[in-house]
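In what follows, every chain begins at residue 1, and chains take the letters A, B, ... in the order their sequences are listed. All values below were derived from every heavy atom in this structure, side-chain atoms included, with hydrogens, water molecules and symmetry-related copies excluded.
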Amino acid sequence: MKEFTILKLTNAIYTEMRVLIWCANGLSFPNLIEHDASQLLSEIIQLYGEDNIIYLNFINITQIDDHALDSFIRIALKTKKQIVIYNISSQIKDNPEKSLRKLLEIGNLKEYHFCPEDSYLILGKHITFNQKSLENKVQFLKKKKLEQWLRESFTLYSSKRRMLSTPIMSNGEFDAKKIITNQDSFLWTTLLISDKVEFIISNSAVAPTKLMSVSLRSSPFTSCVAQILSLDFDIIDHFGPNFNLIEEEISGDVNSKMVRYIYVGDFTIGGTEIKLAQLFCQLNKCILKEGVVIGSALETKEYSNFIDLESLIVLSKIKKTVKYKF
Amino acid sequence: MNILHLTDLHIKEVDSDFEHLAKGYYSEYINKLHEKIQLDQKDIDLIAITGDFIEKGKISNFSHAKEVILYIAKKFSCTIENVIVCPGNHDLQRELDTIEKYKESRLPFIKDLCPEYPEDKVIRETDYFKLTNPKKNTLCLTIDSTRNKGVNGPGKIDISEEDLIIREIQAQELNSEFLLLIATHYPIEHFPNSGFYSEDDHFENHHFWRQGERLRNRIIENTPDVNKLWICGDIHLPTQMKYGNNLFVTTGRFGGEVFKPEKLVKLIREAEDLPKLQKEISSEMAQYTSQNRQAKLICLSDQTEVITYRFLMPGHIENPRNGNWETAYDRNILEVKLSDHISRSSPLPKTKPEITHEGYNLISSSISESIIEKVSRERLYKFDKHITSESLVSLGWITIHKLLNNRHLLPRIIDESKDWIKRINIQDSEILLIGIDYWGFIIASNLSIRLGIKNFCFSSRNPRKYDSQNEMIPSEMISSHITKYSPKNVLIITDVIGTGNTLLKRLNDIKDLFVSAQISIPDFYAITVLSDSMNEKFTSLKDFKIIGSFCDGIRIPIIEKKRMPDEKILQTRIDLT
């Protein structure tokens with residue numbers, strides 16, 4: 001069983017259906033529940049449901065394949081575990097044939113409670129469910145985990161040296177490759193970035209339609225976020241730490257004109273890679289105004305003169321010993 | 001002999017504007033297929049349609065379905081006895097489909113759809129099979145594999161019923177000049193690249209005619225010299241395989257409902273904002289446009305050939321009828337080696353992957369075709385001077401970023417890579433997964449989530465000029481992983497194999513890590529998006545047990561640098577050194 005798909009709370013297990021879909025069925029249809037994802041969910045319930053409530057976040061799920069939830073309903077029927085499903089989308093709620101209510105009826109499940117408006121569902125014995133409180137706990141846990149992964153990715157040098165892809169000197173370096181190497185850190189960090197990107201898109205007057213990254217280490221995150229949010233993306237291969245763009249990246253093509261990008265990066269210190277991304281955009285008459293990174297050396301407002309940046313973590317807050325020389 | 005195989009028409013709304021087989025359109029749809037097949041200069045001798053003519057027991061559609069069948073027969077100049085049909089699980093009245101009333105549930109199919117053959121062509125007919133002799137040296141056996149259907153799955157057949165079929169076949173005294181065509185709706189054999197090999201048996205329970213296996217084996221045993229063609233539908237997948245003189249073929253669906261514009265209008269009206277609308281449309285489209293419409297032509301002569309035709313629908317804004325048939329190039333017939341003991345109670349053993357070129361295993365022919373199409377359509381191939389090493393120049397260059405930077409090809413490549421790893425029998429837990437450069441890293445990191453294993457990355461550029469200390473081998477992370485887990489297999493993912501020099505260097509670097517750790521050298525595998533096996537003369541990659549390639553069909557010529565014109569005459573377009 002893929003243990004990295006869950007987060008452990010006190011007396012509870014949290015997971016997201018989109019996580020199970022990603023692991024079991026890939027990202028071809030990230031909003032669709034197919035049989036394998038349901039099977040993975042059943043395994044989680046069997047393994048952890050004994051003494052734990054299972055919280056299942058249905059965020060961004062809009063479709064359920066025929067018979068996809070059969071194995072889940074069978075397990076729920078058999079084991080009578082407590083499972084809370086929330087963030088149920090209107091596409092599922094209002095689907096006459098495949099709403100959760102309908103599927104539970106067909107599956108002969110008796111013990112369940114829908115909240116008013118069907119936005120969450122409790123299987124098994126009724127409990128008091130406070131979605132806001134749960135989400136706060138989960139966000140806190142995700143942030144703590146990210147901080148831990150970042151600390152583990154940090155290498156302290158004996159003396160200051162020039163960093164990758166930037167002329168800035170530092171006495172240590174965070175390495176996103178160490179986050180990507182492990183499935184749990186890669187998966188959950190990607191989802192945190194994805195949520196930030198989605199937030200930017202939904203709050204933009206003119207929504208960006210493509211993602212961009214300019215480094216080796218950010219490209220896995222960018223590719224996954226793009227698949228999760230059904231966006232296209234561009235990887236600018238700039239042969240860092242030297243800044244020689246490959247010719248075709250400069251020439252661009254008609255289709256790239258006026259595309260609005262969101263930059264996705266691993267770490268931003270001085271903003272060199274962001275400036276490279278903006279250079280590419282200017283050469284190709286595209287727009288780049290927003291970005292999301294895992295960590296920034298400074299508070300994001302310090303970069304606001306050239307980009308609206310969202311950062312999951314300000315690095316100096318988790319590693320006070322890191323020093324930069326600009 | 002040429003046989004046209006169609007299946008799963010799934011006629012739901014006969015007046016719909018969005019079904020290819022609806023009134024007023026089906027003739028155009030079939031005409032287009034006919035034109036395409038005519039271009040291949042093939043005449044059709046038999047037409048076989050393996051069930052699910054209507055959608056979910058809507059028996060009022062049978063009369064229209066028959067009209068469609070008769071049109072197909074007329075268009076392809078086949079007389080009615082040369083049109084073979086069998087029922088699918090959608091072709092019966094579901095409320096009557098019990099053991100007691102199964103005959104009644106199938107009456108509409110028999111009365112309103114089945115073609116009426118001339119009496120002299122029908123050898124034997126019962127409520128569960130029909131044996132006909134449509135032309136010389138040809139016997140057609142259609143079997144109802146849906147009968148006595150369980151709660152969710154294919155039907156049953158008694159041994160006494162099997163005996164009758166066997167006796168009837170034996171009575172025909174078939175020899176090696178005969179073709180015996182067996183048509184069932186549910187598959188009667190496990191197609192290796194299908195859901196039958198998924199980890200749980202859900203798909204198999206719902207789609208594989210397990211009860212028909214014994215009959216299959218008995219037919220094979222009793223007709224050892226006879227060429228047999230087994231055709232089926234249901235799983236909406238085009239594939240074929242053979243063993244001995246048995247060819248098994250299944251085809252994707254021929255019809256069914258597609259996306260409706262009124263649904264699109266409703267989404268637009270109710271949309272709260274554009275990004276949300278885009279997501280909703282995309283989500284709707286995923287349900288329909290992922291399913292191509294297909295037909296298959298099986299050409300049986302000295303050389304057996306199976307040609308898949310696919311109706312490519314346009315983008316979701318356009319009416320899906322505005323598409324065209326194209327040849328899908330899915331012509332590979334997987335040959336399976338069996339032991340002498342034919343009878344099997346378990347699925348076929350996992351077969352060795354097909355080798356289409358020396359040392360390169362084609363992972364997915366449909367992805368290969370998609371890649372070639374995209375490179376051609378978007379002009380991603382540059383013919384110029386690209387210096388790839390100190391002594392070699394590549395004349396071809398494909399902008400890999402533009403090939404893979406979309407949400408369609410990349411997830412398919414990840415999915416197929418995962419399935420390929422399973423097919424070649426490597427245990428996930430015993431793999432050291434390494435990606436080279438951008439796209440190798442992207443694919444490896446995506447795969448690591450699917451497989452639940454770690455992944456690592458190397459850069460392959462000039463280590464002094466472009467890469468930092470951290471990118472160079474030896475890598476502490478990999479070394480400690482090797483020491484801790486002693487992986488038995490190394491899988492290297494890369495975007496392009498040109499000469500293979502980079503890949504071989506990486507293999508040797510990794511081998512050194514194993515030697516330093518005093519761990520046994522593992523087996524090496526590789527996956528590449530693009531390759532050109534004709535460049536193997538530059539570097540031998542025999543140290544790799546298998547190399548999987550998504551596309552080996554694009555030539556990337558490489559020549560020695562000294563044979564190129566001087567820089568003053570022809571400037572270098574890209575220099576990777």
The side chain to side chain donor-acceptor pair (under 3.5 Å) partners of A:Arg18 (sequence neighbours excluded) come to A:Glu16, A:Asp195
Sorted by chain and number, sequence neighbours left out, side chain to side chain donor-acceptor pair (under 3.5 Å) with B:His386 holds for B:Arg573
Tell me, do [X] and [Y] make a side-chain contact under 4.5 Å, heavy atoms counted?
{"X": "A:Ile180", "Y": "B:Phe456", "result": "no"}
{"X": "B:Asn405", "Y": "A:Asp232", "result": "no"}
{"X": "A:Ile236", "Y": "B:His401", "result": "no"}
{"X": "B:Asp415", "Y": "A:Ser28", "result": "yes"}
{"X": "A:Asn182", "Y": "B:Lys454", "result": "yes"}

When rounded to the nearest 0.5 angstrom, what distance separates [atom1] in [X] from [atom2] in [Y]?
{"X": "B:Arg450", "Y": "A:Asn25", "atom1": "CZ", "atom2": "CG", "value": "6.5 Å"}
{"X": "A:Thr222", "Y": "B:Tyr438", "atom1": "OG1", "atom2": "OH", "value": "10.0 Å"}
{"X": "A:Gln183", "Y": "B:Ile453", "atom1": "CD", "atom2": "CD1", "value": "7.5 Å"}
{"X": "A:Ser223", "Y": "B:Leu410", "atom1": "OG", "atom2": "CG", "value": "6.0 Å"}

Most contact-rich option vs chain B, by heavy-atom pairs under 4.5 angstrom, among A:Phe221, A:Phe233, A:Phe186, A:Trp22, is A:Phe233
Turns out that what part of A:Leu32 lies under 4.5 Å from chain B's heavy atoms comes down to neither
Honestly, the part of B:Leu404 sitting under 4.5 Å from a heavy atom of chain A is backbone
The interface call for B:Ile443 against chain A, heavy-atom contacts under 4.5 Å, is neither
Exercise. Inspect the surroundings of CZ in B:Arg379 and state if more than 12 heavy atoms from other residues, nucleotides or ligands are less than 6.0 Å away.
Key: no
